Structures are given as structure tokens and as C-alpha cells.
Amino acid sequence: MDPKFFDMPRYLAGSPLFSGLSSNELSRIAQSCQIRSYTKGEMIFSLGEACEAFHMVVAGQVKLFVVSPVGQEKVIEIISPGQSFAEALVFLNKPYILSAQALADTVLVNVSKRGVFSEIEQDPHFALHMLAGVSRRLHGLIQDVEAYALRNGMQRLIGYLLRDVEMDAANGQSTVTVSLPASKATIASRLSLTPEYFSRVLHELEAQQLITIDRREIRILNVQKLACYGSP
């Protein structure tokens, strides 16, 4: 992607964080943005580095993770196109508290902290857009904590498979296909499961004729039955 031909204000206008801003506001924010490309496996930032921007995924995928003292990796989130990350960190005036790595060839828009603060000073209403983004991230983290505390591994995996499936809309469909956005090991870490347990549950669901597996493509054969499977 050639940055010279990337329409930054138009891209920002399509983001939930910046929708509703005037053309002048979008132009000001665009001046503080930079488009960057990363190859698969490249680090975007590491724990402890200075946080000078937050990031929006134009294409590709990003893994947010931490590493334990004994070297075990825990995936916090997998960020896909249209999503953003590290919004809250720009306000903390502290280094990054986790690391980010490209899971595929990835294009990001990096929005500088300087530009965000400048826009808030000029228009306090802009702070509401940023607050909404931070609130969405907090809501997602609360859902994660709830899932880890109240659901077993089977229920967490099923919930993940059904995360984007509209239950009412799926009633009339014979099958629904979902694509795993990353490797099974990465998603297992995201769900706080071991890769072995993750694979074992998938094969159990396949044996029960609830799903079929074709690499990263999971065909759900009966959405309602899968949603109920493993529940007490």
C-alpha cells in the first residue's frame, strides 16, 4: 500500500473513533497520523517501550500479548481490520504494558499522542470519541474476566466460535462457517487454554457432529445445539 495514495481523512471518517467529526477536524487528526507496514512476525512495539501513539488496523492482524517470567506467552487479544488498540495507553504517560506483533503482513495507521492531545484541547467533544473507544476495550476485558471465572474451557471455546453468529438469523440456516483468525495455538492462548485441550475439544465437537474442521475453517452444523452443548 503506497502511503502517497492513502486517503487518511476518509479512512478516519469510517472509524467509530472519528465518525461524526467535521472535515476540518479529520484533516487536523490526519496530519498527526502515519501509515506503516509490517511483515508477518514483525514486532510493532514491545513491553516497556515509550507509548507515543495508538494504532488502527487497516489490513492484516495484530497479536497483543505478554510473556511470563518463565517465558510462557499469554495472548490478550487478536486485533483485526477496522479495530484499534492502545487507545487508553496514550493517556497513561507510561510505557507500553504489553507487546504487539503482526500475525500477517499488516498495515497500520498510527495516531500520535501529540495529535490526540492537541485535538482534545481544541474540541473537548473529541474526548467523548476517545472515551467511547476506551470503554469498548474495558467492556471486552470485563467479558473476558467473566468468561474465565464462570465458564469452563469447553464453554469458552464454543462461545468463541459463536461470537459473531447472530443466533436468530442462524435459525433458518443449515450450516454456518467461521474462520479462525489466527493459529489454533494463538487462539488457545487467547482463551487461556492449552493447545492440546483446544484441539481435543474441537475434535470432540466434530465427533458429536456439531462441527466439521478444515484447517482454519470451522463449519458449524447446528448452531443451536452447539450453543447448548457443554452447558450444565
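All residue numbers in this chain count up from 1 along the given sequence. All heavy atoms count here, side chains included; hydrogens, waters and symmetry mates do not. Keep in mind the model is a prediction, meaning the values are calculated, not measured.
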Do side-chain atoms of R190 reach the backbone of I187 as a donor and acceptor pair under 3.5 angstrom? no
Minimum heavy-atom separation for L191 to R156, with atom names? O-NE, 3.0 Å
Take a 6.0 Å sphere around CZ of R216 and say whether it holds more than 12 heavy atoms from other residues, nucleotides or ligands. yes
Main chain of E42, side chain of T39: is a donor-acceptor contact present, judged purely on distance under 3.5 Å? no
Answer yes or no: is there a side-chain heavy-atom contact under 4.5 Å between K74 and S192? yes
Minimum heavy-atom distance between A102 and I44, given as atom pair plus value: N-CD1, 4.0 Å
Give the minimum heavy-atom separation between A59 and P81, together with the two atoms involved. CA-CG, 4.1 Å
dist M56:CE -> N110:CG (nearest 0.5 Å) comes out at 10.5 Å
same_hphob_cluster(L47, V90) at 4.5 Å side-chain heavy-atom cutoff: no
Within 6.0 Å of CZ in R163, more than 12 heavy atoms from elsewhere: yes
Can you get from Y96 to V66 by hopping between Ile, Leu, Val, Met, Phe, Trp and Tyr side chains that sit under 4.5 Å apart? yes
Are the side chains of K63 and E73 in contact, using a 4.5 Å heavy-atom criterion? yes
Report the residue from E204, Q155, Q224 that forms a side-chain hydrogen bond (donor to acceptor under 3.5 Å, both in side chains) with Y229. E204
Which atom of V109 lies closest to which atom of C33, heavy atoms considered: CG1-CB, 4.0 Å
Would you call the rings of F85 and F45 parallel, tilted or perpendicular if under 30° counts as parallel and over 60° as perpendicular? tilted
Side chain to side chain contact (heavy atoms under 4.5 Å, CB included) evaluation trace for K113 with C51: CA-CA 8 Å; K113 178 168 67 175; C51 178; 5.8 Å; no
As an exercise, state the distance from CG of L161 to CD1 of I211, rounded to the nearest 0.5 Å. 6.0 Å
May I ask you to decide if S80's main-chain N or O and Q61's side chain share a donor-acceptor pair within less than 3.5 Å? no
Return the minimal non-hydrogen interatomic distance between G48 and P95, and the atom names on each side. O-CB, 3.3 Å
Can you tell me how far CD of E77 sits from CD of Q83, rounded to the nearest 0.5 angstrom? 6.5 Å
Backbone N or O of S23 within a donor-acceptor pair of the S27 side chain at under 3.5 Å? yes
If you define the side chain from C-beta out and look only at heavy atoms, does anything of K184 sit under 4.5 Å from L202? yes
Do you reckon L89 sits in the same ILVMFWY cluster as L64, going by side-chain contacts under 4.5 Å, direct or chained? yes
Can you check whether K40's main-chain N or O pairs, donor with acceptor, with D105's side chain at less than 3.5 Å? yes
What distance do E25 atom CD and L12 atom CG have between them, rounded to the nearest 0.5 Å? 12.0 Å
Return the minimal non-hydrogen interatomic distance between L103 and A182, and the atom names on each side. CD1-CB, 3.9 Å
In terms of ring plane angle, is the pair Y11 and F6 parallel, tilted or perpendicular, where the classes change at 30° and 60°? tilted
CD1-CG distance between I29 and N24, expressed to the nearest 0.5 angstrom: 12.5 Å
Would you say K225 and Q208 make side-chain contact, with heavy atoms under 4.5 Å? no
Can you find a pair of side-chain heavy atoms, one from L205 and one from M154, that are under 4.5 Å apart? yes
What distance do E217 atom CD and T177 atom OG1 have between them, rounded to the nearest 0.5 Å? 6.5 Å
Kindly work out whether a path of hydrophobic side-chain contacts (I/L/V/M/F/W/Y, heavy atoms less than 4.5 Å apart) joins L180 to Y197. yes
Close side-chain approach of V62 and I78, heavy atoms under 4.5 Å: no
Is there a path of hydrophobic side-chain contacts, each under 4.5 Å between heavy atoms, that joins V57 and F65? no
Has the side chain of S32 got a donor or acceptor atom that lies under 3.5 Å from a matching backbone atom of V111? no
